[in-house]
Every structure is written in structure tokens, then in C-alpha cells.
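For reference, the structure discussed in these notes is given below.
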Amino acid sequence: MKKIAVLTSGGDAPGMNAAIRAVVRAGVANGLDVFGVKGGYEGLINGLFVPLGTRDVGGIMQRGGTILGSARCPEFKTEAGQLKALRALNGAGIEGLVVIGGNGSQTGNYALHKLGFPVVGVASTIDNDLVGSDTTIGVDTALNIALEAIDRLKTTASSHQRAFLIEVMGRKCGYLALMAGIAGGAEYVVLPEVETDPEKIAEVLASAYERGKSHAIVIVAEGAKYNATALANYFEEHRERLGFDLRMTIIGHVQRGGTPSAVDRILGSRLGAEAVNQMVKGNYGVLVGEIKGDVVTTPLKEVVDHPKQLDPAYLELARILD
Ligand code: ADP
Ligand code: F6P
């Protein structure tokens, strides 16, 4: 193998640049020519390859986002789109592809693998919804951004004796919400994985005030059956009976932006470099992730076939620490 390419896909994540840098530098160290693909699978379909040398990836580690750009590309979900991408790769003489991204991106990567192209995945998404990695690149930064917002909201909540609904990202996965709830000292966490009863939340909030708390914080995962907007509407409809002075904040995309944490830079560097090692060894069709502190590979088939479960120990911790 002489030529490989690397792309970033799906929602961007802080630390993706560290992973790109590691792929390029580990690739060069292994005697490979490395190309970047501009704009995820969209760019792959259109053959947007740029040569990347060691110096091209200097000074990017501390930058959020991805220097290659990312995209949601519906065309790549079709076989016709995947075949176009394959033609572009073959046309440019590229013999291996590293895909840095989340669940959807690795499903696309697996599609290329099934078409016989040598691929390796790198686990990167703020959602932490990938089997094959305890945490994915971007999660630590996103969690710290959410925590900063929660800490700030708590001070104003306290001054006014208010309850706050704070919504965090995560798509269908409640990991970010659960961890933000534990680390942010929330009274309640609303998750997609657990049935929500708004009346139960009202009870928990009332009990928090009865126990002398000056504020009550509910962290809501955006993918929960009742997101923050739905819950706020519920509390508004039953305002007289439930009697809460409630405010809602949706943290949103700010969680994906800005400087990557040390944890994400290191994780990006380790996983990116290992993706190249696996490529060189000929271990294709795998996701590179980190489990129990070790960098490991998991077949993409297993990754895309199994939804990631929340650790019940953390669910219990959130319950008892409210
Ligand atoms: P993420 O990788 O962050 O989960 P998406 O779910 O949006 O983000 O996926 C990113 C891209 O991966 C999609 O825009 C699409 O091009 C590709 N993709 C997603 N799902 C599939 C699929 N089932 N088959 C092929 N490609 C897919
Ligand atoms: O997958 C990362 C993520 O930030 C999710 O948490 C969120 O649901 C989604 O992307 C938002 O997508 P977009 O940036 O396309 O609005």
C-alpha cells in the first residue's frame, strides 16, 4: 500500500484535527502518501482529494472543528453514491481510507468495506454512541462545555430560587446528558433510554425545594421522548397545579465548538496513529477506539449492528446523588 486518504464525516467533534494530524504523520512515518478528502462523503463522491504532508497539519491540534470539513451526505447512503466514491478512490490511485466520524459515518465506512475497499474507522462524535470505544473523540470537550453552562446557570437559578431545564446534545444517546447530570449535580436527568414521566420530575423538583435547595436543575437529552421544549410546555400547561417558576436553556451547537480538551487531543492522536498501523498491517474493516484505556479494534460489522448501552452503574449513581 502506497497511497491512503483520510476524511471526517457527520457532526464535527473537537479533537478531529488531532486525529487528522496523527493519520498524516503516522502515514508519512510509514512511507505512505496521504491525501485529505474535503467535505466528508460528499467530497469523496466528487473526488476532492488534497495531498497532505507533515507541515500541512502543523498548528491544527488546538483548533476545534475539522480542517477537512464535514458533511451530511444523503447520496452516500445509496449504492450508486458508494460506487461513485469507489470510482473516485480508484481513479486517484488511493488504496486505503481512514474515516473519522460517528455512528452514521462508520455505517457508510462499513458499506465501502463490503464493496471490498480497504477501510479503517476512527471513533469520533460528541454523542458517544459507538460500540467499540468507551469514549469517542469530542465527548470530553463537549461535556466540559455543557458543565460550564450548567455551573453558570446554577448561580442565576439559585439567586431566583428557580428550576432550570437544560438540554444537551447526543442525538438518540443519553451519555452526554447522564454524565453532565452527574458532574453538574443535577436533581434529575431525562434520557432517551429511560421512560420519562413529567409528573415524576415535578415531584423530584418539589422535593428538592423541600430539602432546602435554592435551585433545581434537570438535564435533558435532546433525544428523550420529552425534550426540554416538550417538558417546558408540559410544566406551563400545568403551571397552577405544579407551581414552578421554570426556565429552559438549550445548549446546542456550542457543545461542538471551540478548543479541544487535552483528553480529546490525546485520544485523537492515539486513535489516528493506530488507524494507520492497522491499515499497514492489513487489518481492514475495523473501528479503532479506546476501551479501558487501551487502543483496540472492533469489526465495523459489530459496531454498526449494535446500539451502545448506557452503563447501569452510572444510571444508579445519577439516581442516588440527586
Ligand atoms: P455521524 O457519523 O456523526 O453519526 P451521520 O449519521 O449524519 O453522522 O452520518 C454521516 C454520514 O454518513 C451521512 O451523511 C451519510 O453520508 C453517511 N451514512 C450515514 N448512514 C449511512 C448508511 N446507513 N449507509 C451509508 N452511509 C451512511
Ligand atoms: O452527532 C452530533 C450532533 O451534534 C448531535 O448531537 C446532534 O443531534 C446533531 O449532531 C446535530 O446535527 P446538525 O449539526 O446537523 O444540526
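Start at 1 with the first residue, then count along the sequence. Counting starts at 1 for both ligands and their atoms, in listed order.
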Short N-O contact, E95 and K2, less than 4.0 angstrom:
no
Between R256 and D12, does at least one N-O distance fall below 4.0 Å, as a salt bridge requires?
yes
Who are the residue neighbours of ligand 1 when the rule is a heavy atom under 4.0 Å from any of its atoms?
S9, G10, G11, Y41, R72, C73, F76, K77, Q82, G102, N103, G104, S105, T107, G108, R171
Under-4.0 Å salt bridge between E75 and K84:
yes
Aromatic ring centroids of H238 and Y234 under 6.0 Å?
yes
Judged by atom type as modelled, is there a donor-acceptor pair below 3.5 Å linking the side chain of D134 to the main-chain atoms of K292?
yes
Would you check, one step at a time, whether the test salt bridge (charged side-chain N to carboxylate O under 4.0 Å, His left out) holds for D33 with K3?
CA-CA 5 Å; D33 293 336; K3 277 189 185 180; 5.9 Å; no
Output block, N or O contacts of ligand 2, threshold 3.5 Å exclusive:
residue	atom	partner	partner atom	Å
ligand 2	1 (O)	D127	OD2	2.7
ligand 2	4 (O)	R256	NH1	2.8
ligand 2	6 (O)	D127	OD1	2.6
ligand 2	6 (O)	G170	N	3.0
ligand 2	6 (O)	E222	OE2	3.3
ligand 2	8 (O)	E222	OE2	2.5
ligand 2	10 (O)	R72	NH2	3.0
ligand 2	10 (O)	R256	NH1	3.0
ligand 2	12 (O)	R72	NH2	2.8
ligand 2	14 (O)	H253	NE2	2.9
ligand 2	14 (O)	R256	NH1	2.9
ligand 2	14 (O)	R256	NH2	3.0
ligand 2	15 (O)	R72	NE	3.2
ligand 2	15 (O)	R72	NH2	3.2
ligand 2	16 (O)	H253	NE2	3.0

Using a strict threshold of under 4.0 Å (side-chain N to carboxylate O), is an ion pair present between E195 and K225?
yes
Identify whether the distance between the nearest side-chain nitrogen and carboxylate oxygen of E222 and R171 falls below 4.0 Å.
no
Under 3.5 Å: donor-acceptor pair, side chain of Y110, backbone of V303:
no
